[in-house]
Structures are given as C-alpha cells and as structure tokens.
Colleague: 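The structure is given below, and queries will be raised subsequently.
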Amino acid sequence: MSDLHLHNSYTRQKEKFEALVPGHVGLYVCGPTVSGESHLGHARPYITFDIVYRYLRHLGYRVRYVRNITDAGHFEEEGREAEDKVSKKAQLERMEPMELVHKYTNLYHWGMHRFNCEEPSIEPTATGHIIEQINMIQDIIAKGYAYEVNGSVYFDVKKYAETYPYGKLSGRVLDDLLETTRDLEGQDEKRNKVDFALWKNAPPEHIMRWTSPWGEGFPGWHIECSAMSSKYLGETFDIHGGGMDLLFPHHESEIAQSTIAHGHAPVRYWMHNNMITINGKKMGKSYNNVIKLTELFTGEHPMLEQAYHPMVVRFYILQTHYRSTLDFSNEALQASERAFRRLWEAYEVLQELQHPGNTVPADGELDGQVRTWCHECKEFMDDDFNTAKVIANLFEMAPVINGIKGGQVAAGALSADTFALLQDTFKTYLVDILGMQAMQEQQTDKLDKVLALLIEMRKDARTRKDFATSDQIRNKLAEAGVLLKDEKDGTVSYTIE
RNA sequence: GGUCGCGUGGCCGAGUGGCUAGGCACAGGUCUGCAAAACCUCCUACAGCGGUUCGACUCCGCUCGCGACCUCCA
C-alpha cells in the first residue's frame with residue numbers, strides 16, 4: 001500500500017511499515033494528564049502524531065486514532081495546596097476532581113483546536129474505564145504476575161523478567177535497576193523495588209477513589225493505556241506513540257502488563273518524539289521552565305518577547321524532525337514566523353495563478369526540477385515523516401511561484417501538467433498533511449469594501465502625485481496592522497497582521 | 001553511578017562515504033514616486049585528536065562539552 005518506513009523505538013531501526021490488517025491502522029498515542037494546563041512541550045507529540053495520522057490517511061489507510069485522557073490518579077491542581085483535597089471542607093469549597101479534570105480537558109481541547117490538530121477517533125478517559133482496568137489487573141493476578149499488599153496491587157517485574165525481555169524497549173537491565181532505583185514511599189510493600197503499581201489503595205483523604213476487589217483505591221498510571229488500547233485497537237495493534245520520556249517506565253510497563261494479560265506483545269511499532277528544550281534543558285514540570293499554551297499565544301510570560309500564533313508554533317515544530325530535540329528561543333520562533341508567512345503567501349498566490357495552458361514547458365529544466373521537488377515530498381514523508389525536508393522543498397518552489405506572479409519567471413515556463421502538480425503538491429502537503437492554515441481570520445465583506453475604498457483613494461492621490469496623502473493612507477493603515485502592497489501589474493493587495 | 005543520545009556556518013535546523021538541504025539574519029543588486037513585498041546574487045559549516053578509505057562532516061576509537069532516562073513527566 002505504501003513505502004512508508006518509520007523508526008521503531010523497540011528495534012531502534014527504521015522499518016518498512018506493514019499494517020497488521022491490510023488497509024487499516026490502529027494508532028494509540030498517550031494523551032495528557034489533565035491535572036494542569038498544557039504547555040509547549042505537550043504540543044510536540046500531539047502535532048507529531050497529528051502528522052502521522054494525517055499522512056497515514058493520505059496514503060489511503062483507514063486509521064483508528066485513539067488518544068487517552070488521563071483523568072485518574074493522585075491529582076493536585078496547579079498552585080493549590082494539597083489541603084484543598086481534604087474532605088473536611090464544605091462541599092462547595094472543596095475542589096471536585098471532576099471539576100478540575102473538566103477544566104483542563106477543555107483547555108487542552110482548545111489548544112489542540114488552535115494547533116489545527118485533528119480530533120482522534122476515540123478519546124477514552126481513564127475514569128471511564130475503571131472496570132476494564134480492574135478486569136485486566138485481576139487477569140494478571142490470576143496468571144501469577146501480580147500480588148496484593150494492603151489494598152494495593154503490584155506487578156512482579158522480577159518474575160516477568162525471568163521469561164520475557166523486560167527492559168528491551170528502554171534499554172534497561174533489570175539488575176542495574178534493582179541496584180539504582182531510589183527509595184520511594186510505599187517501597188516496603190513491594191517485593192522488589194522495580195515492581196510497579198497496578199492499583200493503589202487510596203488513603204482516607206484521597207479524593208479520587210473507586211471500589212475494587214482490593215478495597216477503595218485508584219488505578220496505577222500504566223494500566224489505563226494497556227486496558228484502553230486493547231479494548232479499542234485489539235490485543236496487538238500497529239503504532240503506539242508518545243514522548244521519549246515515557247519510554248521508561250510507562251511504555252516498558254505497558255508492554256509487561258499486556259504481554260502477561262494477552263500472551264504476546266501489544267505493539268508492532270513504537271514511535272517516540274523527542275523533547276522541546278529551553279536553554280538546553282527539557283521543558284517540564286520538574287524543571288519549572290514551562291511555557292503554557294495560553295502564555296505562548298498571548299506572549300504573557302517573562303521569557304517571551306511577543307505572542308506566537310499557534311500556526312507559527314506548529315510550523316516551528318515541523319521544521320525539525322520529530323526525533324531531534326528542539327530548542328525554544330524567541331529568535332527561532334520569530335524566524336519561523338517570517339518563514340511561514342512567506343511560504344503561506346506563496347501558497348495563496350499559487351492558488352490564484354492562472355496557467356496559459358501550454359502543454360510543452362517553456363523552461364524544460366525548471367519544469368523537470370519542479371516535478372522532482374514535488375515528487376520528493378512523498379519520499380520524504382515515507383522516510384520516517386521527514387517534515388523538515390518537505391518544508392525545505394516547498395521553500396525551493398516558493399521563488400518559482402512568486403517569480404511567475406512577478407514576471408521574473410515566464411507564465412508558460414512550466415507545462416500545464418507540472419503547474420497542476422505544483423498546485424496540488426502545495427495543497428496536499430502544506431495544508432492536508434502538514435495541517436497548516438491561515439493565521440488571519442477570514443476577512444469580512446465589510447472590511448474588504450472599506451479597504452477597497454481606501455486603496456482607491458490612495459490610487460487617485462498617487463495619480464495626482466499627491467504622495468503626502470497616499471503615504472498617509474498607507475502609513476496609517478500599517479499602524480492599524482494592514483499592510484498594502486503595490487503589485488507589479490498596478491493592483492494593490494493587502495495583508496492583515 | 002548505570003543506560004541511551006547529541007555536538008553542523010551569526011542564529012535555527014535537514015542530511016549524506018565523493019554530487020554546495022532549507023529557513024531567519026546580514027550584505028549587494030533589480031523593480032518601485034518612495035517604501036514594503038517579490039526576484040537575483042553573496043555567506044560552503046559540520047566539537048577536538050587519531051584511525052579505516054582512492055576519498056569522511058558522514059564509518060571506527062579516544063578526548064572534551066551538553067542533554068535525556070533511571071521519580072510524576074509529552
């Protein structure tokens with residue numbers, strides 16, 4: 001069906017993608033924990049896998065894209081004291097877990113929408129799948145790979161490792177882990193330090209709790225993904241994605257749980273995006289260096305020199321390969337903003353251009369070059385989703401487009417076929433696959449008419465050589481964020497910042 | 001400490017055993033009443049030291065520097 005190759009984190013190699021069920025792809029991506037606001041670092045996986053989702057569909061696959069919402073666990077709202085959760089408080093003063101989760105889920109959806117990320121096919125919540133998780137845990141206990149202690153259930157990693165290749169995904173060696181794992185609370189309940197919780201007993205003040213065969217508690221962090229992915233995608237599915245920081249312990253644990261529950265490994269291809277760094281350090285809660293999406297879009301953050309449009313951020317992320325780290329800086333974002341504006345304008349110009357209709361190109365060399373650039377886009381995407389190279393090729397073609405409009409390139413330089421290919425390539429890759437869209441809102445007719453009037457008045461002034469008036473109109477509009485451009489053919493167009 | 005990864009021109013960033021990615025910035029030019037935009041030109045880098053090779057930025061080794069994971073983490 002395709003020549004798609006992708007880097008499989010499990011084998012650390014690029015592999016040809018073969019769908020388990022021909023024509024269909026099951027894609028699971030670890031979604032957000034909705035106990036706080038999404039930040040720039042979170043944007044990366046969702047944009048990365050939005051590209052994967054879009055490209056797989058472009059290749060003709062029917063994709064079921066499942067991305068969970070982690071809304072169960074040991075939650076605290078950002079900035080609030082833990083005491084808030086203590087049930088002694090009056091009902092309305094107390095933070096309701098559902099309230100918190102709902103607030104941040106909405107905020108997350110708002111962010112994804114602004115980034116023009118497609119919605120997943122299914123967005124299951126951990127709290128909506130407690131039964132499935134309990135069932136899976138019971139199954140693992142029955143098979144002898146988990147044990148209960150004081151109302152909590154732990155997975156027996158040491159036993160698992162006797163038979164299965166524990167640590168392969170993350171490159172861990174069990175013996176090393178046994179020595180280096182730190183002492184944490186609850187360790188004394190575990191048989192071995194490396195064991196992880198499938199179910200946690202809830203202390204009295206804990207606000208999220210469900211009844212289970214082991215008493216009141218809440219599910220461990222890893223089990224939800226195993227339970228939900230197998231429910232919606234089957235015991236084995238094609239692609240599982242997430243951030244590199246989830247390799248261990250999260251994904252390693254998922255493999256272990258699912259392998260015991262189902263008798264075989266759950267995932268055929270693991271994909272992991274790299275981190276966004278800031279001043280060379282990973283952006284993350286623990287480093288206290290996050291820029292929230294709301295801050296990013298408004299520019300209200302000490303580290304931000306200006307606001308950055310979601311499309312600029314998306315473009316900036318796609319200019320780098322998803323497996324490389326990407327360092328945040330105002331300079332980099334500003335460069336992306338200018339770059340994207342230019343490329344998007346070329347795209348808009350291209351849609352308006354008319355081809356003279358010649359079937360033989362006036363410039364055979366350029367014609368061939370453009371065809372190559374266009375065809376390479378597919379090769380680049382097939383090679384582990386190399387969006388950076390796709391964008392580079394689109395930039396190669398921007399001068400051709402602008403040149404045709406500006407007259408530096410002959411209108412018939414390209415054949416009609418090649419011109420159509422060029423138009424299609426921009427639409428397909430820039431819009432459909434990379435998911436870029438205009439930064440500015442669609443103009444209203446009223447504004448358009450007002451500007452047409454001003455442009456007409458300026459044109460009159462210019463023919464009278466009354467440049468004081470014409471420049472005043474242009475400058476005042478510029479102050480208001482409307483930029484006029486005198487085109488070669490004498491017409492005037494405008495862009496709104 | 002263990003495991004893994006990275007180090008590219010002013011900045012951001014692809015990528016490859018020989019065939020100058022791309023973007024942003026800078027500089028010069030064309031066009032324009034001026035400007036902006038656009039177009040053309042300029043800017044040839046790959047941490048250091050060895051090795052393999054006809055040839056390495058690309059492979060191997062060492063050194064230095066940086067980071068990620070090992071704990072919630074996208």
Side-chain angles (χ1 to χ4, degrees), chain A residues 12 29-33 35-36 38-49 70 73-76 167 170-173 175-177 179-185 194 221 241-250 252 272-277 280-287 290 315-316 319-321 323-343 345-346 349 376 380 383 386-396 398-409 462 465-467 470-471 474-475 478 483-488 493 495:
Chain A
R12 291 152 204 244
V29 174
C30 288
T33 299
S35 60
S38 298
H39 62 255
L40 176 58
H42 294 121
R44 190 145 196 212
Y46 306 131
I47 290 173
T48 295
F49 291 102
T70 299
H74 189 80
F75 280 12
E76 272 174 44
S170 57
R172 267 340 98 123
V173 178
D175 290 342
D176 294 344
L177 287 172
E179 284 172 22
T180 58
T181 304
R182 304 174 202 178
D183 289 323
L184 296 165
E185 60 154 318
V194 289
W221 175 39
M244 265 184 185
D245 50 354
L246 297 181
L247 270 165
F248 190 89
H250 186 54
E252 198 70 63
H272 294 273
N273 64 275
N274 215 136
M275 302 292 104
I276 287 182
T277 58
K281 284 266 193 299
K282 171 185 167 185
M283 186 178 288
K285 262 185 262 179
S286 21
Y287 294 95
V290 300
F315 194 71
Y316 154 77
Q319 274 183 296
T320 306
H321 187 86
R323 284 192 292 112
S324 300
T325 53
L326 172 57
D327 197 54
F328 167 87
S329 71
N330 282 285
E331 226 183 340
L333 263 300
Q334 284 159 13
S336 286
E337 180 173 308
R338 285 166 184 262
F340 176 59
R341 275 185 199 284
R342 192 175 137 237
L343 192 62
E345 267 196 50
V349 164
E376 280 175 342
F380 296 156
D383 184 16
N386 198 326
T387 55
K389 287 187 101 174
V390 170
I391 289 173
N393 265 29
L394 295 177
F395 268 115
E396 294 278 15
V400 178
I401 295 164
N402 289 326
I404 291 173
K405 189 191 181 197
Q408 296 94 341
V409 176
R462 289 180 73 202
K465 305 258 187 233
D466 177 8
F467 296 122
S470 70
D471 286 352
R474 186 176 66 196
N475 295 340
L483 300 177
L484 297 186
K485 284 199 293 185
D486 294 325
E487 303 291 354
K488 292 264 190 281
S493 63
T495 54

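Protein chains get the first letters and strands the later ones, always in sequence-line order, with residue 1 at the start of each. What you see is a predicted model, and the numbers here were worked out from it, not measured in a lab.
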Colleague: Answer with base, sugar-phosphate or nothing: what part of the nucleic acid does A:L343 contact at a heavy-atom distance below 4.0 Å?
Modeller: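 Result for A:L343 = nothing.
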Colleague: When the P atoms of B:rU53 and B:rG48 are compared, how many Å lie between them, rounded to an integer?
Modeller: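 Between the two P atoms, the distance is 23 Å.
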Colleague: Which part of the nucleic acid does A:N393 contact within heavy-atom distance under 4.0 Å: base, sugar-phosphate only, or nothing?
Modeller: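 Result for A:N393 = nothing.
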Colleague: Which of the following nucleotides, B:rA74, B:rG15, B:rA68, is nearest to the side chain of A:Y46?
Modeller: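 Minimum distance to the A:Y46 side chain belongs to B:rA74.
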Colleague: For A:F340, report the nucleic acid contact type (base, sugar-phosphate, nothing); a contact means any heavy atom under 4.0 Å.
Modeller: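 It contacts nothing in the nucleic acid.
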Colleague: For a quick check, tell me whether the side chain of A:R342 and the base of B:rA37 share a donor-acceptor pair closer than 3.5 Å.
Modeller: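 Such a pair does not exist between side chain and base.
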Colleague: What base-paired stems does RNA chain B take part in, with at least 3 consecutive Watson-Crick or G-U wobble pairs and both distances under 3.5 Å?
Modeller: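 Detected stem regions: B:1-7 with B:64-70, B:10-12 with B:22-24, B:27-30 with B:38-41, B:47-51 with B:59-63.
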Colleague: Base, sugar-phosphate, or nothing for A:D486, non-hydrogen atoms under 4.0 angstrom?
Modeller: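 Here A:D486 touches the bases of the nucleic acid.
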Colleague: Measuring from the side chain of A:E345 (C-beta onward, heavy atoms only), which nucleotide among B:rG33, B:rA37, B:rG67 has the closest atom?
Modeller: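 So the side chain of A:E345 is nearest to B:rA37.
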Colleague: Classify A:N386 by what it touches in the nucleic acid, base, sugar-phosphate, or nothing, heavy-atom distance under 4.0 Å.
Modeller: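 Sugar-phosphate contact only - A:N386 comes under 4.0 Å of backbone atoms but never of a base.
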Colleague: Scan A:S286 against the nucleic acid and name what it touches under 4.0 Å (heavy atoms): base, sugar-phosphate only, or nothing.
Modeller: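 Base: the residue A:S286, judged by heavy atoms under 4.0 Å, touches a nucleobase.
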Colleague: For A:G242, report the nucleic acid contact type (base, sugar-phosphate, nothing); a contact means any heavy atom under 4.0 Å.
Modeller: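 Since only primed, P, OP1 and OP2 atoms lie under 4.0 Å of A:G242, the category is sugar-phosphate.
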Colleague: Identify whether any heavy atom of A:K405 sits under 4.0 Å from a base atom; if not, whether one sits that close to sugar-phosphate; answer base, sugar-phosphate or nothing.
Modeller: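 Nothing, no heavy atom under 4.0 Å.
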Colleague: Using the C1' atom as the point on both nucleotides, what is the distance between B:rC46 and B:rA21, in whole Å?
Modeller: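 Between the two C1' atoms, the distance is 13 Å.
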Colleague: Should the ring pair A:H39 and A:H42 be called parallel, tilted or perpendicular, given that the plane angle runs from 0 to 90° and is split at 30 and 60?
Modeller: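 A:H39 vs A:H42 ring planes: tilted.
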Colleague: Roughly how many Å apart are B:rA27 and B:rC43, using the C1' atom of each and rounding to a whole number?
Modeller: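 About 9 Å, rounded to a whole number of Å.
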Colleague: According to a strict under-4.0 Å criterion, is A:N273 in side-chain N/O contact with OP1 or OP2 of B:rA74?
Modeller: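 No, outside the criterion.
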Colleague: Confirm from the modelled atom types if A:R341 and B:rC24 form a donor-acceptor pair under 3.5 Å, side chain to base only.
Modeller: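 No such pair is found, so the answer is no.
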Colleague: Work out how far the P atom of B:rU3 is from that of B:rU58, and round it to whole angstrom.
Modeller: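 Nearest-Å result for B:rU3 against B:rU58 at atom P: 25 Å.
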Colleague: Give one of base, sugar-phosphate or nothing for A:A339, where a contact means two heavy atoms less than 4.0 Å apart.
Modeller: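 Here A:A339 touches the backbone only, sparing every base.
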Colleague: So what does A:L246 hit on the nucleic acid, given a heavy-atom distance under 4.0 Å: a base, only sugar-phosphate, or nothing?
Modeller: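 Result for A:L246 = sugar-phosphate.
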Colleague: Check if the side chain of A:D471 and the base of B:rG33 share a donor-acceptor pair of N or O atoms closer than 3.5 Å.
Modeller: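 Indeed there is one.
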Colleague: Identify whether any heavy atom of A:F467 sits under 4.0 Å from a base atom; if not, whether one sits that close to sugar-phosphate; answer base, sugar-phosphate or nothing.
Modeller: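 Base: the residue A:F467, judged by heavy atoms under 4.0 Å, touches a nucleobase.
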Colleague: Nearest-Å distance, CE (A:M244) to P (B:rC70)?
Modeller: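 To the nearest whole Å, that distance equals 14 Å.
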Colleague: Can you tell me if the side-chain N/O atoms of A:S324 get under 4.0 Å from OP1 or OP2 in B:rA14?
Modeller: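 It does, given that an N or O in the side chain of A:S324 lies less than 4.0 Å from OP1 or OP2 of B:rA14.
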Colleague: Step by step, would you call A:R44 with A:M275 a side-chain contact (heavy atoms from CB on, under 4.5 Å)?
Modeller: CA-CA 8 Å; A:R44 190 145 196 212; A:M275 302 292 104; 5.8 Å; no
Colleague: Does B:rA68 have OP1 or OP2 under 4.0 Å away from a side-chain N or O of A:Y287?
Modeller: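 Indeed, a polar side-chain atom of A:Y287 lies that close.
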Colleague: Is the phosphate of B:rC69 approached by A:K282 (side-chain N or O, under 4.0 Å from OP1 or OP2)?
Modeller: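 Answer yes for this pair, as a side-chain N or O of A:K282 is under 4.0 Å from OP1 or OP2.
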Colleague: Using a cut-off of 4.0 Å on non-hydrogen atoms, how would the nucleic acid contact of A:A398 be classed: base, sugar-phosphate, or nothing?
Modeller: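 Touches sugar-phosphate only.
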Colleague: Kindly point out which of B:rA74, B:rG22, B:rC34 is positioned nearest to the side chain of A:R462?
Modeller: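 Nearest nucleotide to the side chain: B:rC34.
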Colleague: Taking only N and O in the side chain of A:R338, is any of them less than 4.0 Å away from OP1 or OP2 of B:rG23?
Modeller: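 Answer no for this pair, as no side-chain N or O of A:R338 is under 4.0 Å from OP1 or OP2.
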Colleague: When the C1' atoms of B:rU8 and B:rU44 are compared, how many Å lie between them, rounded to an integer?
Modeller: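 Their C1' atoms lie roughly 12 Å apart.
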Colleague: Could you state the CG-P distance from A:L247 to B:rA74, rounded to the nearest angstrom?
Modeller: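 Between P of B:rA74 and CG of A:L247: 14 Å.
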